[in-house]
Amino acid sequence: MAASKKGTEKPKSIRPSGSSDTNFFELVHEVARQIPKGRVTSYGAIAACLGTKSSARMVGWAMNGAHKVKPKVPAHRVVNRNGMLSGKAHFETPTKMEELLKKEGIKVKDDTVVEFGRLFWDPAQELGV
DNA sequence: CGCCTGACGAAAC
DNA sequence: GGTTTCGCCAGGC
């Protein structure tokens with residue numbers, strides 16, 4: 001089996017122009033959903049994977065609907081560049097995020113992911129870019 | 001229709 | 001090296 005084992009869809013199909021779709025919105029959700037358990041990633045990493053590396057903010061904004069879409073997106077596995085749970089305040093409860101992370105085996109200290117650099121999951125790397 | 005805000009990031013100071 | 005500001009892009013008011 002050769003390296004990447006995706007073989008079902010290509011989340012990298014961005015629409016360069018023309019489409020007013022919420023593609024970006026859904027795209028972010030797709031990538032976030034593929035984050036393996038016990039791993040974390042950053043908004044900028046997802047943005048870069050999609051090609052909008054300069055718009056890390058848009059990724060976070062897209063997460064606004066993470067708990068509204070289905071299936072629900074594990075936004076708790078997405079943190080900022082510092083590994084800090086910047087979006088925990090937007091969860092059902094401010095502590096829900098770290099609770100979920102700890103439950104998956106990720107240690108959270110002071111609202112920050114411990115060993116973030118070790119647990120970091122790069123979408124562009126795993127998806128085979 | 002225009003200004004502000006926003007779950008980030010990186011550069012500038 | 002820490003803190004502050006600008007930039008991104010889209011939605012809300």
Side-chain angles (χ1 to χ4, degrees):
Chain A
M1 305 143 179
S4 25
K5 51 268 316 290
K6 280 251 58 265
T8 303
E9 53 200 334
K10 271 288 244 5
K12 287 159 25 66
S13 311
I14 295 192
R15 234 97 250 284
S17 60
S19 358
S20 311
D21 301 280
T22 31
N23 252 5
F24 187 80
F25 199 83
E26 295 180 25
L27 207 39
V28 173
H29 292 167
E30 277 195 64
V31 177
R33 261 187 256 144
Q34 292 168 78
I35 302 174
K37 181 184 171 193
R39 277 293 164 68
V40 289
T41 191
S42 61
Y43 302 95
I46 297 173
C49 179
L50 302 177
T52 51
K53 58 183 190 270
S54 307
S55 309
R57 280 182 134 183
M58 301 290 84
V59 178
W61 169 76
M63 283 294 164
N64 234 315
H67 67 101
K68 305 156 66 172
V69 299
K70 16 134 214 196
K72 196 167 67 176
V73 177
H76 61 276
R77 292 181 189 151
V78 186
V79 293
N80 68 1
R81 203 65 171 145
N82 290 309
M84 189 170 130
L85 285 52
S86 40
K88 66 168 196 161
H90 292 260
F91 277 74
E92 302 171 75
T93 54
T95 53
K96 187 64 173 296
M97 190 171 184
E98 54 184 279
E99 287 288 302
L100 291 168
L101 290 172
K102 287 180 181 176
K103 194 172 294 186
E104 296 192 351
I106 301 174
K107 298 173 190 166
V108 180
K109 186 78 166 186
D110 191 41
D111 298 326
T112 307
V113 177
V114 182
E115 301 284 293
F116 173 67
R118 188 171 63 95
L119 298 172
F120 185 78
W121 178 84
D122 188 343
Q125 179 182 289
E126 300 299 308
L127 295 176
V129 176

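Lettering follows sequence order; numbering is per chain, from 1.
Applying the ring-ring contact (aromatic ring centres under 6.0 Å, His included) test to pairs two or more places apart or on separate chains, those with a residue in residues 49-74 of chain A are F25(A)-W61(A).
At a non-hydrogen distance threshold of 4.0 Å, nothing from residues 104-111 of chain A comes into contact with DNA chain B.
In this structure, I46(A) places its CD1 atom 16 Å from C1' of dC8(C), rounding to the nearest Å.
Considering only residues two or more places apart in sequence or on other chains, K102(A) meets the salt bridge (charged side-chain N to carboxylate O under 4.0 Å, His left out) condition with E98(A). The side chain to side chain donor-acceptor pair (under 3.5 Å) search around H76(A) returns E104(A), not counting sequence neighbours. For the side chain to side chain donor-acceptor pair (under 3.5 Å) test, residues two or more places apart in sequence or in another chain that qualify with K96(A) are E92(A). In this structure I35(A) satisfies the side-chain contact (heavy atoms from CB on, under 4.5 Å) test together with A32(A), R39(A), T41(A), R77(A), V78(A), W121(A), sequence neighbours excluded. Residues passing the salt bridge (charged side-chain N to carboxylate O under 4.0 Å, His left out) test with E115(A) are R118(A), sequence neighbours excluded.
Side-chain contact check for P71(A) versus R33(A): some heavy-atom pair is nearer than 4.5 Å.
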(message) Return a single string for nucleotides 3-9 of chain B, one symbol per nucleotide in 5' to 3' order, where B is base contact, S is sugar-phosphate-only contact and - is none, cutoff 4.0 angstrom on heavy atoms.
(response) ---BBBS
Sequence neighbours excluded and cut-off under 3.5 Å, please list the side-chain donor-acceptor pairs for residues 79-90 of chain A, or say none.
residue : atom : partner : partner atom : Å
N80(A)  : OD1  : N82(A)  : N            : 3.1
N80(A)  : OD1  : G83(A)  : N            : 3.0
N80(A)  : OD1  : M84(A)  : N            : 2.8
K88(A)  : NZ   : D111(A) : OD1          : 3.2
K88(A)  : NZ   : D111(A) : OD2          : 3.3

